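Written below as structure tokens is the structure these notes are about.
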There are 2 protein chains.
Amino acid sequence: MVDEAAEGMRTGAMTLTDVARAAGVGESTASRVLRGHGSFSEKTRESVLSAARSLGYVPNRIAGTLASTGSKLVGIVIPSLSNIVFPDVLRGANTVLVGAGFQPVVAVTDYDQGREESLIESLLSWRPAGMMVAGLEHTERTGAMLRQARIRVAELLDTDGEGIDIVVGFSNREAGRTSGRHLVSRGYRQIGYVGHDLSRDLRAAKRFAGFRSALEEAGLKVAAQEIIPASSSIEAGRDGLARLLERGTNLDAVYFSNDDMAIGGYFHCLARGIAIPGQMAIFGFNGLDVARSAPQPLSTILTPRVAVGENGARLVCSEGPPARIDLGFELIEGATT
Amino acid sequence: MVDEAAEGMRTGAMTLTDVARAAGVGESTASRVLRGHGSFSEKTRESVLSAARSLGYVPNRIAGTLASTGSKLVGIVIPSLSNIVFPDVLRGANTVLVGAGFQPVVAVTDYDQGREESLIESLLSWRPAGMMVAGLEHTERTGAMLRQARIRVAELLDTDGEGIDIVVGFSNREAGRTSGRHLVSRGYRQIGYVGHDLSRDLRAAKRFAGFRSALEEAGLKVAAQEIIPASSSIEAGRDGLARLLERGTNLDAVYFSNDDMAIGGYFHCLARGIAIPGQMAIFGFNGLDVARSAPQPLSTILTPRVAVGENGARLVCSEGPPARIDLGFELIEGATT
DNA sequence: ACGAAATATGGCAGCGCTGCCATAAATTAT
DNA sequence: ATAATTTATGGCAGCGCTGCCATATTTCGT
């Protein structure tokens, strides 16, 4: 179907000039038709369109972007792809972005601020229309680059701190505090913590800090804690709880750094026949599907991950002054507390 | 630290010309230094670099790509971000791509071939160096565009069919067959199936076909099946099994369209006190973390998702003839069969 | 019917960079 | 010392497209 009659010999691909020539019109006319801008007659429209179709013309947005002002790319920087949380944010962002004619370009930092810096530098060289980044903490140079770029920058998933331009998320500190208060109000007093590497996951660290402050309000403190020096996972949660219990500390509840970890703890209890919440209460964070569908729905904090992506994307695509949206979170009183 | 002395007034950002002028050298010299190509003296190098640094210069890859031949972008087209399977592939691809200096650009089709077509058309307009797509089934026009593009194209996660250029994956049909044979060899005879929307997830359909053929080999057929007209999820699996059992069919095993669905089924049994595998055996597909860490590890097929992404990316970045890599899969004999 | 206003269309200068070619300067060979 | 190389460096034409301006070519208003 597609005509292979090679005209231009530059990069092999058909160019606007080829289409214009084939349609017997000028380049600008062809350009207008193809983009639906400006005015042109119906006859012209048809001949350009049919020429484009028969030549198998694919517009070159690289050239288009260079010629016009801004690009239609939006950089998205997330720490990980291993935890469904970030794909969720990405999904929300993607929907809105594509709907608005933008193309997401993703980069994964692996929770490393140095890598974040170089990835952002690299993304900026594509002259994106905007940038979406997870979290508020960056290296000084990252912050400088983002500010210098004079583009929309959205920082996601955290509101505990100052942002560069747009901030969309919720307070991790408050989430931790709410979690702690919930456990206290349920009457638990010997409360432990099982978490993953906090030095890299700063938002988890904020939750833990908020959590501790809630216990302190009640005159309590974390009875025992176990930090797995790795990223969060179900297995890490399972091992973490196992190790915590091996120590013999008497615990009636455990707060986990997130749902993955908590589900691991839940599985450990199921496997060991530890009654939940009778012998051991479990609390997580995120409100994942797996937590909601478990035989006993997990008590956790539901976070608006997709909405964070959507709102961030919407603001990045729009004009306006710096904005700050706190989407909050929801305490899920499941069956594990 | 960064000097704000605006020189160029075009798009606001610093250009190579600005850097060259500030360093007192020609554009091409500045370009060579910045890219580390060609030759230049140490003195020149330093002055260019320091000029670039103090001006806060960020190279414009849009311009660079247009001027040189190919881009350093690679398009990645996946059906979904809701299931961890695709982020896993993406993760593998991302690691290799970034390591080789490429920038991934993702698009999500939502299992819709029409959307896939338009997303791919849009991606191609960025003149990517290569393209990675999930699956072998595309619209005719998608196939034509991919072939016309004269770039590396990798089709992932399936080897049951003809590919365009590079194919990296495993046989879903064989995976289904292996699953069926496993259940049969374990002595199960009343085998049911709980799946999600197969009209869109063609690979799940292939697995089910392979599965049925294994049962037929043993003179059996699917005793009962329940298809949830939605995408796969833990909840869908749970509901699906519940509905299947409500019908009163006597079943001793159920094959699920994937691990998400299977975990849902597993949770249903736990909640209802159905003994596994005594009263009911469960078999899934993918080998997710949650399946491996459950109190009873799920019997399933472990798929090399990250490796698929890695190998696909490696081949896309390289020269050479069309390739086909079958990475196989692994039968996990868990505790649910 | 005649200029005014709208509608169509082509020409061409860049966008910022790379690649090629021509020089100029430093080094080595003879 | 002079030629032959090697190393440095600048100039400039595009890459394919868009945006602006200049030119037709209609369509109206009165």
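Numbers restart at 1 for each chain; the letters A, B, ... are given by sequence-line order, proteins then strands. These numbers were taken from a predicted model, which means no experiment stands behind them.
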Next on the checklist: Measure CD1/A/Ile62 against C1'/C/dT18 and give the value in whole Å, please.
Outcome noted: 14 Å
Checklist entry - To the nearest Å, how far apart are A/Leu66 CG and C/dC15 C1'? => result 4 Å
Item to check | Side-chain donor-acceptor pair present, A/Ser28, A/Ser31, cut-off under 3.5 Å | outcome: no
Checklist entry - For D/dC17, does either OP1 or OP2 sit under 4.0 Å from a side-chain N or O belonging to A/Thr65? => result no
Checklist entry - Short question: side chain of A/Arg305, backbone of A/Ile84 - any donor-acceptor pair under 3.5 Å? => result no
Next on the checklist: Taking only side-chain N and O atoms of B/Arg32, does any of them lie within less than 4.0 angstrom of OP1 or OP2 on D/dA8?
Outcome noted: no
Checklist entry - Is it the case that B/His138 and B/Glu116 place a side-chain donor and acceptor less than 3.5 Å from each other? => result yes
Next on the checklist: Can you see if the side chain of B/Tyr57 gets near the phosphate of C/dC17 - specifically, an N or O under 4.0 Å from OP1 or OP2?
Outcome noted: yes
Next on the checklist: Checking contacts here: which listed nucleotide (C/dC17, C/dG11, C/dG19) is nearest the side-chain heavy atoms of A/Ser28?
Outcome noted: C/dG11
Next on the checklist: Could you tell me how far apart B/Leu34 (CG) and C/dG16 (P) are, to the nearest whole angstrom?
Outcome noted: 15 Å
Checklist entry - Looking just at side-chain N and O atoms, do B/Ser39 and B/Arg32 make a donor-acceptor pair shorter than 3.5 Å? => result no
Checklist entry - Using a cut-off of 4.0 Å on non-hydrogen atoms, how would the nucleic acid contact of B/Gly70 be classed: base, sugar-phosphate, or nothing? => result nothing
Next on the checklist: Counting only side-chain nitrogens and oxygens, does B/Ser31 get under 4.0 Å of the OP1 or OP2 atom of C/dT18?
Outcome noted: yes
Checklist entry - Would one find a side-chain N or O of B/Ser39 under 4.0 angstrom from OP1 or OP2 of D/dA8? => result yes
Checklist outcome for this item: Out of D/dC12, D/dC15, D/dT18, minimum distance to the side chain of A/Arg35 belongs to D/dT18
Checklist outcome for this item: Atom CD of B/Glu42 and atom C1' of D/dT9 are separated, to the nearest Å, by 16 Å
Checklist entry - Rounded to the nearest Å, what distance is computed from the CG atom of residue B/Asn60 to the P atom of nucleotide C/dT18? => result 9 Å
Item to check | Nearest-nucleotide 5' precedence on DNA chain C, A/Gly38 against A/Ala67 | outcome: A/Gly38
Next on the checklist: Heavy atoms from C-beta onward define the side chain here; which of C/dC15, C/dT18, C/dG10 lies closest to that of A/Val25?
Outcome noted: C/dG10
Checklist entry - Given C/dC17, D/dG10, C/dG19, which nucleotide is nearest the side-chain atoms of B/Thr29? => result D/dG10
Item to check | Whole-Å distance separating the NZ atom of A/Lys43 from the P atom of D/dT25 | outcome: 13 Å
Checklist entry - Rounded to the Å, how far apart are A/Asp18 CG and D/dC15 C1'? => result 13 Å
Checklist entry - Would you find a donor on one side and an acceptor on the other, under 3.5 Å apart, between the side chain of B/Glu310 and the backbone of B/Val96? => result no
Checklist outcome for this item: Rounded to whole Å, the NE2-P distance (A/His37 to D/dT18) equals 9 Å
Next on the checklist: Is the phosphate of C/dA8 approached by A/Ser41 (side-chain N or O, under 4.0 Å from OP1 or OP2)?
Outcome noted: no
Checklist entry - Using a cut-off of less than 4.0 Å, is there contact between a side-chain N or O of A/Thr44 and OP1 or OP2 of C/dT9? => result yes
Next on the checklist: With nearest nucleotide decided by heavy atoms, which residue, A/Leu16 or B/Glu27, maps closer to the 5′ end of DNA chain D?
Outcome noted: B/Glu27
Item to check | Candidates D/dG14, C/dT9, D/dC17 - which lies nearest the side chain of A/Ala63 | outcome: D/dC17
Checklist entry - Looking at A/Glu121 and A/Arg141, does any basic side-chain N land under 4.0 Å from a carboxylate oxygen? => result yes
